[in-house]
Amino acid sequence: MTSTQPVTSNRPGDWVDTAPRLADLEPGRFNMEISTDRYVSPEVQQRERESIWMKIWQVVGREADLPEVGDWKVFELFDQSYILVRGNDGVVRGFVNACRHRGNPLCNGSGNSKRGFLCQYHLWSYDLEGALKGILAEKDLAPIDKSKNSLIQVSVDTAAGFLFLNPDPKAESLGDYLGAEVLDMLEPYHLDRMVTVMDVREKIDCNWKVVVDAFSEGYHISGIHPQLLRVMTIESEKSRYRLLERHAVSCSPFEVAHVDKYTPEEQVQGIRELPETFPSLMRVLPRFEEIVDSHRTDGEPLSFPDGVTARTILQKATREVLTETGLDVDGLTDAQMSDNHGWVLFPNFFMTVRAGEATVILAQPDPEGDPNRCVWQIISFMYLPDEMTDALRATPFEVKEPGEFKYFEALQQDYEQMPRQQRGLRNEALDHLLLVSEEVVVAHFHSVLDRYLAAGADA
Ligand code: FES
Ligand SMILES: [Fe+2]
């Protein structure tokens, strides 16, 4: 290496420096015409159930949902019901929520029972590891081999603080499903240490893929979120994409668009407006203002030295504030201090993540199997010093009446848009929708979906 070569930081977030831009991704690589059947047909929904939902790893909560031995919660997928429970050894396990006697569900909702589960029907009991322990009037009955009648176990594992479940007993490991690259890239954010500061679930009138699609492209920002244009550069030559076998991550720099056309004072104003949409920036703004002020000279318009912009000041302030409060951001690049990376973990997990915060959008199929409906869940996380976590930790909120929960501005705009799109998709004369090149992550997602549907239930 010669001394003139730039020093690379060897942080996983460096992928953005070399990953393809839109122009580098071969056009024609993906099918851009997506059949509308996929959004409205009960038959397709049924195929998805068999080929995807019953076969893949899916996020069912957070490890922190079950902090204590004996903590349990139920996860429902269509008409299937599973119990997740933390055992005496501290491991979270998953079981089919059905008693081995005559199938009664063992629990509903969530709770804690250190002594295990008691079926209310004929009072059989199971321990936290699923073993059948007690049978009512056992000595009066013909012998029953208890060891053959444990609860039916399903695979549960954790990554980045999320609990994943896979209903398929033949499933590959979660590590193989996500892949080492994904785990490597996520590790430096310390998602496992982030605390949930918002957790809302609501039924909405659109197919689950309308949600995934909506969060996989920035092409709708001008139409639906014009207020974000000042800070989200959607100049396509600046976005970077990493399309993996199943999953995808992309990044559009967090930058005042066409920064060279704005004065430093205007750039600073753009950053000040950000907390409307990215509330956790509030904690960084005071430091940001201090650094900006250090560049002010009395009586002169604000000016920055070469190489300094509002974006680089925001990055510096973010690293300083998080580090000063004892949080580890060493594994993240400067760009990750300001830029959100948009992740799509197949099939239904979208996450936007930046140093110190993340928001996840999960889209679950309608429990009744209606392709025109789904349940979305928005979970926001912050990486906080221990002494602040209890004050800011949110409890889950289930929206019963539409409109009862006011999402932050950009999310509210998406929430209102998605049912509108679904109504359009229901028109029978519209047999396909057409993706544009900027929607490459959407196209990639549908290509993975095609693969799973083609492989079918027996794959
Ligand atoms: S169904 Fe559970 S004890 Fe009979
Ligand atoms: Fe949006």
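Counting convention: from 1, in listed order, for ligands and their atoms alike. On a predicted model such as this, the values are computed, not experimentally measured, just so you know. For this chain, numbers begin at 1 and follow the sequence in order.
No side-chain donor-acceptor contact under 3.5 Å links Tyr177 and Asp157. Side-chain N/O atoms of Gln153 and Tyr82 include no donor and acceptor closer than 3.5 Å. For the residue pair His446/Asp213, the side-chain donor-acceptor check at 3.5 Å is satisfied.
With Lys73 contributing its side chain and Val60 its backbone, the two residues share a donor-acceptor pair below 3.5 Å. Checking side-chain atoms of Asn427 against main-chain N and O of Gly424 turns up a donor-acceptor pair under 3.5 Å.
In summary, the atoms of ligand 1 found under 4.0 Å from a heavy atom of Asn104, numbered by their order in the structure, are 1 (S). The distance from ligand 1 to the heavy atoms of Trp124 drops below 4.0 Å at these ligand atoms: 3 (S).
Only the backbone of Leu123 comes within contact range of ligand 1, with a heavy atom under 4.0 Å; no side-chain atom does.
The N, O or S atom of His101 lying closest to atom 4 (Fe) of ligand 1 is ND1.
Atom 4 (Fe) of ligand 1 has His122 among its coordinating residues (N/O/S atom, backbone or side chain, under 2.8 Å). Using a cut-off of 2.8 Å, one finds that Cys119 contributes no N/O/S atom close to atom 4 (Fe) of ligand 1.
Protein heavy atom closest to atom 1 (S) of ligand 1, with residue, atom name and distance, is Arg102 N, 3.3 Å.
Rounded to the nearest 10 degrees, the angle NE2 (His225) to the Fe ion (ligand 2) to OD2 (Asp414) equals 90°.
Between His101 and His122, the two ring planes are perpendicular [angle over 60°; tilted spans 30° to 60°].
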